[in-house]
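Indexing begins at 1, ligand by ligand and atom by atom, following the structure's order.
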Amino acid sequence: MSTTSYLSDRINSLSESATLKMTKLGRELAAQGINVISLSVGEPDFNTPDHVKEAAKTALDENYTRYTPVPGYPELRKAIVDKLKNENGLDYDISQIVVSTGAKQSLSNVILTLINPGDEVIIPTPYWVSYSEMVVLAEGKSVFIDTDIESNFKITPAQLEAAITPKTKIFMFSSPCNPTGSVYSKSELEALAKVFEKHPNIFIISDEIYEHINFIDKHESIAQFSSIKDRVIIVNGFSKAFAMTGWRLGYIAASKEIAAANDKMQGQTTSGTCSIAQRAGIAAYEGGLESVNKMKEAFARRRQLVYDLLNEIPGVKTNLPEGAFYFFPEISSFFGKKDQDGNTIKNSGDLALYLLNQGHVATVDGNSFGNDNYIRLSYAASDENLKEALRRIKEALAKLA
Ligand code: PMP
Ligand code: GLU
């Protein structure tokens, strides 16, 4: 990590986002005229649905151009309340919803709202890169529960129980999971909820941003268990389900107290998010799930394609992810091998850089997700690009000696 003496300890202690860094490096190579295939950043390769774009154009024409209420337009919060009721069977009031500039901001708000220096945050590994760094910003301490490919990257209640200490303040996870695609079933969530029942001071951040990209079943939220619902903070957003990554629109659903605290936080930092994006968000939720279901069909086909191609690469081990749009294959068999210039591949970071520079495929190192034996591939790319990327990866890996 590079540090600069006049910058704050806070920013000097923070690592750069690995997903965004690899995306930047890929773009830089592409700007030199090199044909780089990006499997690094996780974003749908589809356009925002037309009816959502139309709503944004109308919003402009109708002069939705002024400051918005800090927690979001009431109509958008109502649309979110209706979505939570109709799709998830969950009861919330609009005072429990705070709209933000993306699930990323919501996560950061919640952590900064709840964590005092030294408080512990339990995070199952692998986890999305920004979780642990947000804990660093809040001067908390991440406590990791390790999982691996054999456990399908899911924790057991016994593992959870063992990680809890008097200092535990938050448990934070995503299901479907970025980066593994693992999906917790209702009974698995219920078993975790039973552990939380015994520990009434722990809050649960349930990151459900990939809820609609689930290939095995209907989405289940841990907020459905009434004994702990008050302590669950659902984080969700429009980026993945409606291909709206650039619009910056997310939200929390939480207890009134936590919602009010997030509102206060935003009131002193960002204010309410973009008026036009919010109007578009209302159209997205009111317009139904046709577009996301179409995207899901494409993702399902690509998942099978990438699974088959990964299985043809000697030394790579993968499971079949149940949701999201990532593979998290095990690649540690390449550690200790040398590239064509005689450099030894020592870790997942070296391998990701090798694949970028020699194979011209951008991926993300597993270390940034909490496990160095893996790399992450996003399959939110065209079938042609995926086939070519996997061909390049296979060829580049075969050249390591
Ligand atoms: N959570 C997870 C698990 C993610 O993968 C992402 C990346 N999109 C986010 C939160 C943040 O999403 P956004 O800020 O675009 O809503
Ligand atoms: N969440 C996406 C990813 O994991 C987007 C990039 C980011 O914000 O980290 O790639």
Under-4.0 Å salt bridge between Lys294 and Glu290: yes

Measure Phe325 to ligand 2 on non-hydrogen atoms and call it side chain, backbone, both or neither using the 4.0 Å cut-off. neither

Give the numbers and elements of all ligand 2 atoms closer than 4.0 Å to a heavy atom of Trp128. 1 (N), 3 (C), 4 (O), 7 (C), 8 (O), 9 (O)

For Val41, take its heavy atoms, then give the atoms of ligand 2 lying under 4.0 Å from any of them. 5 (C), 6 (C), 10 (O)

Which pair of non-hydrogen atoms, one from Ser333 and one from Gly315, has the smallest distance, and what is that distance? OG-O, 2.8 Å

One pair per line, please: each N/O atom of ligand 1 matched with every protein N/O atom under 3.5 Å away, atom names first, then the distance to 0.1 Å.
from, atom 1, to, atom 2, distance (Å)
ligand 1, 1 (N), Asp207, OD2, 2.6
ligand 1, 5 (O), Asn178, ND2, 2.6
ligand 1, 5 (O), Tyr210, OH, 2.6
ligand 1, 8 (N), Lys240, NZ, 2.4
ligand 1, 14 (O), Ala103, N, 3.2
ligand 1, 14 (O), Lys104, N, 3.0
ligand 1, 14 (O), Arg248, NH2, 2.7
ligand 1, 15 (O), Ser239, OG, 2.6
ligand 1, 15 (O), Arg248, NH1, 2.9
ligand 1, 16 (O), Ala103, N, 2.7
ligand 1, 16 (O), Ser239, OG, 3.3

Within a distance under 4.0 Å of any heavy atom of Arg376, pick out the atoms of ligand 2 and give their elements. 3 (C), 4 (O), 10 (O)

Asn88 pairs by side-chain hydrogen bond (donor to acceptor under 3.5 Å, both in side chains) with which of Lys83, His219, Glu208, Glu220? Lys83

Does a donor on one side chain sit under 3.5 Å from an acceptor on the other, for Tyr210 and Lys240? yes

Region of Thr23 that comes within reach of ligand 2 [heavy atoms, distance under 4.0 Å]: neither

I'd like to know if Asp82 and Lys78 make a salt bridge, using a cut-off of under 4.0 Å between side-chain N and carboxylate O. yes

Let's go through Glu211 and Glu87 carefully: what are the C-alpha distance in whole Å and the side-chain angles of both, what is the deciding distance for side-chain contact (heavy atoms from CB on, under 4.5 Å) to 0.1 Å, and is it a yes or a no? CA-CA 10 Å; Glu211 74 163 304; Glu87 290 178 12; 4.3 Å; yes

Looking at Lys194 and Glu161, is any side-chain nitrogen of the basic one under 4.0 Å from a carboxylate oxygen of the acidic one? no

Just jot down the ligand 2 atoms closer than 4.0 angstrom to any heavy atom of Leu20, in number order. 6 (C), 7 (C)

Qualifying residue for side-chain contact (heavy atoms from CB on, under 4.5 Å) with Met172, from Val235, Val110, Ile111: Ile111

So between Ala380, Ser40, Gly42, whose heavy atom ends up nearest atom 3 (C) of ligand 2? Gly42

As an exercise, identify every atom of ligand 2 less than 4.0 angstrom from a heavy atom of Lys240. 1 (N), 2 (C)

Given Tyr127, which of Phe173, Phe369, Phe153, Phe144 fulfils the ring-ring contact (aromatic ring centres under 6.0 Å, His included) condition? Phe144

So, using ring-ring contact (aromatic ring centres under 6.0 Å, His included) as the criterion, who are the partners of Phe335 when residues are at least two apart? none

Please write down residue, atom name and distance for the protein heavy atom closest to atom 9 (O) of ligand 2. Thr19 OG1, 2.6 Å

Atoms in ligand 2 with a heavy atom of Lys104 nearer than 4.0 Å: 7 (C), 8 (O), 9 (O)

Donor-acceptor pair, side chain of Glu133 and main chain of Ser15, under 3.5 angstrom: yes

